[in-house]
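First comes the structure, then the notes that go with it.
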Amino acid sequence: MFESLLWLEEITSTQDFLKEKPLRIYSVVVANKQKKGRGRFGREWYSQEGGLYLSFSLPKNLRDETTLPLVLSNAVANYVRSLGFLPAIKWVNDVYIHGKKLCGILTERLKDKIVVGIGINLNQESFPEHLQAVSLKMVSGRHFDKVDFLIKLLDYVEESLRKLSEEGFLSFKDEIESRLLFKNSEVILYTPEPVVGILQGIDKDGSLLLLTQDGLKAFQIGEITLRAV
Ligand code: ATP
Ligand code: BTN
């Protein structure tokens, strides 16, 4: 599926690079460091040496805004699971291990393509306390070869995207729900107004289901922040 790979030592952001340059669909861009890595809503993505920072483009089609980040988080989780870790998915675009954030995924729609960015903490030794971030090395003591990790990760991504287009999101729903962070726990959703409820799972379109004082409510992707109570 993926056509070409450009691996740079340092760049502002692989995401911005791929958005600005007229590279073909299915191109992959990787950087060892980013000067201005970013998350959703322009939040900073801490991109020191040791992490894997990549972006790739996909054709613009009917892939749903909520299901794509969930399916990609699940692909990362499947690969991380195959390495012997127990990952959780924090709706809608993050992978956690040991209660901390391991990976963030950004999906952005342009006129002619979708640009996906994935940041995964592999070999960092520590993070600023406020980030609540963790790397695979910090929990295992192991060093991960970035090239090997990238190639295998892209296989998982490719397989998931094929399954999404052939079988639809429903075929992922149970697996994603089974590893959903905060499932059956009380959470606050900042929508941005705070809504408190018990996280029940996800709906067939990927929206988050919350049992609130006013009954069961579904929340679509948007500027929503999810926190444990
Ligand atoms: P969150 O609930 O963690 O804020 P979010 O998906 O709503 O997640 P995003 O904008 O998607 O927020 O992610 C960016 C956030 O991720 C930053 O605000 C920061 O807290 C955290 N972060 C930044 N760099 C890293 C990193 N390398 N590893 C883990 N977490 C990071
Ligand atoms: C998030 O959790 O909000 C998503 C973080 C996405 C970070 C990746 S790292 C590669 C790509 N380049 C960026 O500037 N951001 C994404």
Side-chain angles (χ1 to χ4, degrees), residues 5-21 23 27-58 65-66 68-70 72-73 75-77 80 87-108 110 114-139 146 149-150 153-154 157 180-182 187-192 194 199 206 208 219-229:
L5 170 64
L6 184 61
W7 197 307
L8 303 158
E9 179 52 32
E10 187 173 38
I11 193 175
T12 318
S13 151
T14 57
Q15 194 75 3
D16 292 341
F17 185 88
L18 205 46
K19 283 173 80 174
E20 286 156 15
K21 303 276 185 226
L23 295 177
S27 302
V28 183
V29 179
V30 182
N32 288 334
K33 283 180 276 178
Q34 297 183 117
K35 282 186 274 217
K36 228 173 179 325
R38 56 185 183 78
R40 300 193 300 158
F41 314 112
R43 290 177 201 140
E44 186 198 355
W45 184 258
Y46 191 77
S47 307
Q48 306 292 82
E49 184 90 52
L52 179 62
Y53 312 109
L54 68 130
S55 296
F56 54 83
S57 52
L58 298 176
E65 235 176 303
T66 309
L68 185 58
L70 276 175
L72 292 168
S73 300
V76 172
V80 168
I89 295 176
K90 176 160 171 269
W91 189 88
V92 56
N93 63 330
D94 297 330
V95 180
Y96 273 56
I97 47 170
H98 291 232
K100 292 188 172 179
K101 187 158 163 176
L102 173 75
C103 163
I105 294 173
L106 186 63
T107 51
E108 296 182 296
L110 307 193
I114 298 174
V115 179
V116 175
I118 304 183
I120 306 185
N121 302 321
L122 292 186
N123 297 317
Q124 294 98 324
E125 308 268 354
S126 64
F127 289 97
E129 181 63 29
H130 73 274
L131 282 185
Q132 290 297 305
V134 74
S135 70
L136 291 184
K137 182 162 193 189
M138 284 160 66
V139 296
K146 272 197 219 174
F149 194 98
L150 173 78
L153 176 68
L154 290 177
V157 167
L180 212 52
L181 192 70
F182 306 143
V187 296
I188 307 185
L189 269 195
Y190 295 95
T191 65
L199 198 157
L208 191 72
F219 295 86
Q220 295 287 339
I221 193 173
E223 191 159 354
I224 288 182
T225 302
L226 169 61
R227 293 281 178 267
V229 166

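Atom set for the values below is all heavy atoms of this structure, side chains included, hydrogens, waters and symmetry mates excluded. First listed ligand is number 1; within each ligand, the first listed atom is number 1.
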Before giving the answer on side chain to side chain contact (heavy atoms under 4.5 Å, CB included), spell out for Lys21 and Leu6 the whole-Å C-alpha distance, their side-chain angles and the decisive distance to 0.1 Å. CA-CA 12 Å; Lys21 303 276 185 226; Leu6 184 61; over 6 Å; no
Return the closest protein heavy atom for atom 2 (O) of ligand 2 as residue, atom name and distance. Lys101 NZ, 3.0 Å
What part of Lys90 sits under 4.0 Å from ligand 1 if we count only heavy atoms: the side chain, the backbone, both or neither? side chain
Distance under 4.0 Å to a non-hydrogen atom of Gln34: what atoms of ligand 2 satisfy this? 9 (S), 10 (C), 11 (C), 12 (N), 13 (C), 14 (O)
Closest protein heavy atom to atom 14 (C) of ligand 1, given as residue, atom name and distance to 0.1 Å: Lys101 NZ, 3.9 Å
Show which atoms of ligand 2 fall inside a sub-4.0 Å distance from at least one heavy-atom site of Gly37. 14 (O)
How close does the nearest protein non-hydrogen atom get to atom 29 (C) of ligand 1, and which residue and atom is it? Ala133 CB, 3.3 Å
Honestly, for Leu102 the part within reach of ligand 1 (heavy atoms, under 4.0 Å) is neither
In this structure, atom 15 (N) of ligand 2 is nearest to the protein heavy atom Arg38 O, 2.8 Å
Regarding atom 27 (N) of ligand 1: of the candidates Tyr46, Tyr96, Tyr53, Trp91, which has the closest heavy atom? Tyr46
Sequence neighbours left out, cut at 3.5 Å: what donor-acceptor pairs do the side chains of residues 99-107 make with other protein atoms?
residue	atom	partner	partner atom	Å
Lys101	NZ	Asp94	OD1	3.2
Lys101	NZ	Asp94	OD2	3.4

Please report, to 0.1 Å, the donor-acceptor pairs under 3.5 Å made by any side chain of residues 43-50, with sequence neighbours excluded.
residue	atom	partner	partner atom	Å
Ser47	OG	Gln34	NE2	3.0
Ser47	OG	Trp45	O	2.8

For Phe41, state whether at least one heavy atom is located under 4.0 Å from any atom of ligand 1. no
